[in-house]
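Data block below; observations after.
Just so you know, these numbers come straight off a predicted model, no measurement behind them.
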Amino acid sequence: MHIALDQAKRGVGLTSPNPPVGAVIVAQGKIIGQGYHRKAGGPHAEIEAIKAAKIDHPKLLPGAALFVTLEPCCTRGRTNPCTDAIKSCGIKRVVWGAQDPNPKHLGRAQEILTAAGISVTTGVLDDECREMIRPFAKWITTGLPYVIAKVGQSLDGRITRPAGEGQWITSSAARAHSLRLRSRVDAIIVGAETIRQDNPLLTLRGGGQSGKEQPLRVILTRSGDLPKTAHVFTDEFKARTLVLRDLDFPQVLQELGSRGIVSVLVEGGADVMGQAFRNRAVDEAVWYIAPLICGSGVASVGGPGLPNSVELQQVTILPIGDNVCITGHPVWHDAQPSHP
């Protein structure tokens, strides 16, 4: 299952609105096929693994065991049900990690495969497999995209430096690391002031994967006053720019979720970040901190103060030269969200 998870990681950011999934087929103590879901509409991981086994070890496939990170699909969508392919190729044991979070499919594969005389084991490396599909699980059960909040700040919590000192807070290495986050998501959200002040590209650049579509660039504005010459309106990806006006943050997520956007990256500015946290909409926080004390400037989370401190769990701390990246999942308590 660890090998299947490694396969699934290869599809992260590429499969929306489907989840990333990996699969491995084992017979006589050796791997005879493996694969991952590469894009929506393409073969699922199980089909890729079966195809590989048929090419390399066709005689070993009947009676083999399939290990897959997510419960196999059992309904016809863009592709045929994986349960049909599993039954027809002679696999005799299926092991998966996470159950399908889609309430319409949950547990159905086990019923179908067991009825066909195939042994089923579930819940293997369940936590790791569920972590892999966390964005998909939120979207398929709530209709809302998974929200990653990214900030680059000084030690005293500022995202801007004193006048005349330049734009950048974090190091070039930390910024390069942060660009990889764009490869995980379907959309990048910023506020209008970020477009006016920084004129960002919001493109994948060096952090992209082969086959990854440029994430939708979502600009939030109240006034609609945006510079027409900004990069996001004039570059080769201008068709991948969406302006949303006069929507609060929950409405923004509802709009994007209805468009099949499974995951978003909030890159700023401070007002948008404050809205995301006040509405308890953040699923993952990624904070880059530089050894710099600005003494003034814009705070990383703007607007009215939060009603409660936000604690992170499942925290990881990664040094990047003299900068540090802290990542975790917010713990939301019972207080109701405060809308902007």
Side-chain angles (χ1 to χ4, degrees), residues 146-182 184-185 187-200 202 217-222 248-250 252-253 264-333 335 337-340:
Y146 182 85
V147 177
I148 304 171
K150 185 202 82 175
V151 166
Q153 68 168 47
S154 64
L155 285 173
D156 56 342
R158 307 294 177 171
I159 60 172
T160 59
R161 302 178 66 151
E165 288 193 2
Q167 175 184 1
W168 302 118
I169 297 281
T170 54
S171 67
S172 59
R175 296 195 301 274
H177 186 274
S178 74
L179 281 176
R180 300 176 195 170
L181 293 171
R182 295 178 182 176
R184 291 175 51 190
V185 300
I188 301 166
I189 298 177
V190 298
E193 193 63 18
T194 296
I195 299 299
R196 297 186 196 108
Q197 296 298 322
D198 299 339
N199 192 18
L202 303 180
R217 301 177 294 192
V218 182
I219 318 303
L220 308 187
T221 178
R222 296 292 181 189
D248 63 29
F249 202 79
V252 169
L253 296 185
V264 302
L265 176 64
V266 181
E267 293 209 13
D271 178 61
V272 173
M273 198 65 64
Q275 289 185 49
F277 276 96
R278 283 194 300 279
N279 284 283
R280 300 187 297 165
V282 177
D283 299 292
E284 183 177 338
V286 184
W287 242 246
Y288 294 88
I289 303 174
L292 184 69
I293 298 171
C294 293
S296 64
V298 177
S300 57
V301 180
L306 301 180
N308 303 95
S309 298
V310 179
E311 178 186 355
L312 301 183
Q313 62 183 1
Q314 295 175 266
V315 172
T316 61
I317 302 174
L318 174 68
I320 306 173
D322 62 0
N323 285 218
V324 65
C325 176
I326 300 177
T327 303
H329 300 289
V331 179
W332 300 111
H333 299 291
S338 174
H339 296 286

[X] [atom1] to [Y] [atom2] distance, which is reported to the nearest 0.5 Å:
| X | Y | atom1 | atom2 | result |
| --- | --- | --- | --- | --- |
| Leu253 | Asn279 | CG | CG | 8.5 Å |
| His177 | Ser172 | NE2 | OG | 13.5 Å |
| Cys294 | Leu155 | SG | CG | 9.0 Å |
| Ile219 | Ile195 | CD1 | CD1 | 3.5 Å |
| Ser171 | Asn323 | OG | CG | 3.5 Å |

Just so I know, are the side chains of [X] and [Y] near enough to count as touching, which here means a heavy-atom distance under 4.5 Å?
| X | Y | value |
| --- | --- | --- |
| Ile326 | Ile289 | yes |
| Thr221 | Arg196 | yes |
| Trp287 | Thr327 | no |
| Ile148 | Val264 | no |
| Glu267 | Arg182 | yes |
| Phe277 | Trp332 | yes |
| Met273 | Val151 | yes |
| Cys325 | Ile317 | no |

Query raised in the report: If every non-hydrogen atom of Ala270 is compared with every non-hydrogen atom of Val298, which pair is closest and at what distance?
Result: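 So the minimum-distance heavy-atom pair works out to CB-CG1, 3.5 Å.
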Query - Closest heavy-atom pair and its distance - Arg278, Leu306 - result: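 Shortest heavy-atom contact: CG-CD2, 3.4 Å.
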Requested in this report: Could you give me the CA-CA distance, side-chain angles and deciding distance for Glu284 and Lys150, then say whether salt bridge (Lys or Arg N to Asp or Glu O under 4.0 Å) is met?
Outcome: CA-CA 9 Å; Glu284 183 177 338; Lys150 185 202 82 175; over 6 Å; no
Requested in this report: Check whether NZ of the Lys or CZ of the Arg Arg161 lies under 6.0 Å from the centre of the six-membered ring of Trp168 and within 45 degrees of that ring's axis.
Outcome: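 Not flagged: Arg161 not positioned over aromatic ring of Trp168.
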**Report entry** Residue from Leu202, Val147, Leu181, Val218 passing side chain to side chain contact (heavy atoms under 4.5 Å, CB included) with Leu265
**Finding:**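 Among the candidates, only Leu181 passes.
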Requested in this report: Indicate whether any N or O donor in one side chain lies under 3.5 Å from an N or O acceptor in the other, for Gln275 and Asp271.
Outcome: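 Side-chain D/A pair, Gln275 to Asp271: present.
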Query raised in the report: With a 3.5 Å cut-off and no angle check, do the side chains of Gln153 and Tyr288 form a donor-acceptor pair?
Result: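 Judged by distance alone, the side chains do not pair up.
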Query raised in the report: Under the side chain to side chain contact (heavy atoms under 4.5 Å, CB included) test, which residues partner Thr194, sequence neighbours left out?
Result: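 Applying side chain to side chain contact (heavy atoms under 4.5 Å, CB included) to Thr194 gives Val190, Asp198, Pro200.
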